[in-house]
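A quick write-up on the structure given underneath.
Computed over heavy atoms, backbone and side chain alike; hydrogens, waters and symmetry mates excluded. Whatever order the structure lists them in is the order used to number ligands and atoms, beginning at 1.
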Amino acid sequence: MYAITLDDQALAWKEQPPLPSPGADEVRIKVAWAGMNRADLMQRAGQYPPPPGASEILGLEVSGTIVEKGARVEGFDTGQHVCALLAGGGYAEEVIVHQAQVLSLPKGYGLREAAALPEVFATAWLNLFMEGALRQGDRVLLHAGASGVGTTAIQLCRAFSHPCFVTVGNDDKLQQCLSLGADAGWNRHQGSFVEAVKNWGGADMILDPVGASYLADNQQVLNMDGRLVLIGLMGGRAAELDMGRMLMKRQRLIGSTLRSKTPQAKGAILDALHAHVWPRLVRGELRPLIDRDWPIQDAQQAMDYLESNASIGKVLLSVSGEG
Ligand SMILES: NC(=O)c1ccc[n+]([C@@H]2O[C@H](COP(=O)([O-])OP(=O)(O)OC[C@H]3O[C@@H](n4cnc5c(N)ncnc54)[C@H](OP(=O)(O)O)[C@@H]3O)[C@@H](O)[C@H]2O)c1
């Protein structure tokens, strides 16, 4: 089997030992496309090791064809096209994954588009509706609005009638976010977002992949009973928390990671996607925003591009390239 290996942070497509047979609850997928995520950059830098038992190979999501299944697998058959949420191992010709982390494709979807679905839709759904507990009319602040997760969260907010405000890194990204359904936004290179978000009405929930550098400003714009859901640390891991403000405004700070959840917990999120999101994808009310793709052999270039903060939506890697 060929897979991407890491040699002192350099990515190379090399022959690797074959995978074992799938366990009773697992399937083996021949990978067509793999999604690239910001977490892959952190893993390459040694800052985000795979959870215990997960593959050391990069890659948190794929689409492809089931080529083998375990004795207890129900509802999936060999030859079926699927997409899957992984704890690792996606940058490879084949991957083995628990059946709870596998989803059938939305009707009308091909394998390329399907590879852009699992990680960002699961992350956005988990953190907006499960951790963030959005209630009718709640207003949402989305940082990194043009990211893979951000462009998905904007669309979910629009679909479920939650006004959302985005922060982004340039005006082109802001326009794209507005056209996806964001209500308003702010270019983060023009100073603090605090006044703009306050004038907009403040936020009942914040989806925050930035962390330390935004904590003080987030607390200022978070409304009474607001939830700050922390999903990343792009702006650092240590900052001063204003506990007075937290107490008086009954603010809640929630840390959330998807990757380390059990297959069963991931399965519960995917079940919710299947029930509430897949029909909307089929009807065209939601769609994954794909920026660009590269052949897997050029994964290094793709990662450099993602790291440059130029992308809007998803970056994909073509493995077999089947459509
Ligand atoms: N906890 C979880 O379970 C989970 C799951 C999935 C993703 N995440 C996190 O969610 C975030 C988005 O992931 P993704 O794969 O969708 O990302 P992505 O597509 O790679 O986009 C990330 C964007 O973040 C912005 N950014 C970079 N550095 C920043 C900084 N220091 N301050 C503010 N913004 C910055 C950049 O856009 P601009 O230049 O336009 O601002 C960049 O394009 C990442 O932090 C990722 O780790 C967490």
Quick test of your reading of the model: are [X] and [Y] salt-bridged, counting only N-O distances below 4.0 Å?
{"X": "Glu94", "Y": "Lys30", "result": "no"}
{"X": "Arg72", "Y": "Asp25", "result": "yes"}
{"X": "Glu307", "Y": "Arg44", "result": "yes"}
{"X": "Arg227", "Y": "Asp138", "result": "yes"}
{"X": "Lys314", "Y": "Asp291", "result": "no"}

Worksheet item: Looking only at side chains, do Gln251 and Gln219 share a donor and an acceptor under 3.5 Å apart?
Response: yes
Practice item. Using distance alone, with no hydrogens and no angle criterion, decide if Asn127 and Ser256 have a side-chain donor and acceptor under 3.5 Å apart. Key: yes
Nitrogen or oxygen of [X] less than 3.5 angstrom from that of ligand 1:
{"X": "Ser311", "result": "no"}
{"X": "Met234", "result": "yes"}
{"X": "Ala39", "result": "no"}
{"X": "Ile231", "result": "yes"}
{"X": "Gly148", "result": "yes"}
{"X": "Arg38", "result": "yes"}
{"X": "Met42", "result": "no"}
{"X": "Tyr214", "result": "no"}
{"X": "Leu258", "result": "yes"}

Open item on the list: Measuring from non-hydrogen atoms of Ser256 to any atom of ligand 1, is the shortest distance under 4.0 Å?
Closed with: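 Yes, that is the case, since the closest heavy atom of the residue is under 4.0 Å from the ligand.
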Of Ala144, Ser147, Pro209, the residue with the heavy atom nearest atom 45 (O) of ligand 1 is Pro209
key: Shortest reach to atom 26 (N) of ligand 1 by a heavy atom, considering only Arg188, Met36, Arg259, Met303   =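 Of the listed residues, Arg188 has the closest heavy atom.
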For the aromatic rings, using the six-membered ring if either is Trp, is the centroid distance between [X] and [Y] under 6.0 Å?
{"X": "Phe160", "Y": "Trp125", "result": "yes"}
{"X": "Trp294", "Y": "Tyr305", "result": "yes"}
{"X": "Phe193", "Y": "Tyr214", "result": "yes"}

Which ligand 1 atoms does [X] reach within 4.0 Å, using its non-hydrogen atoms?
{"X": "Glu119", "result": "5 (C), 6 (C)"}
{"X": "Lys173", "result": "37 (O), 38 (P), 39 (O), 40 (O), 43 (O)"}
{"X": "Thr257", "result": "1 (N), 2 (C), 3 (O)"}

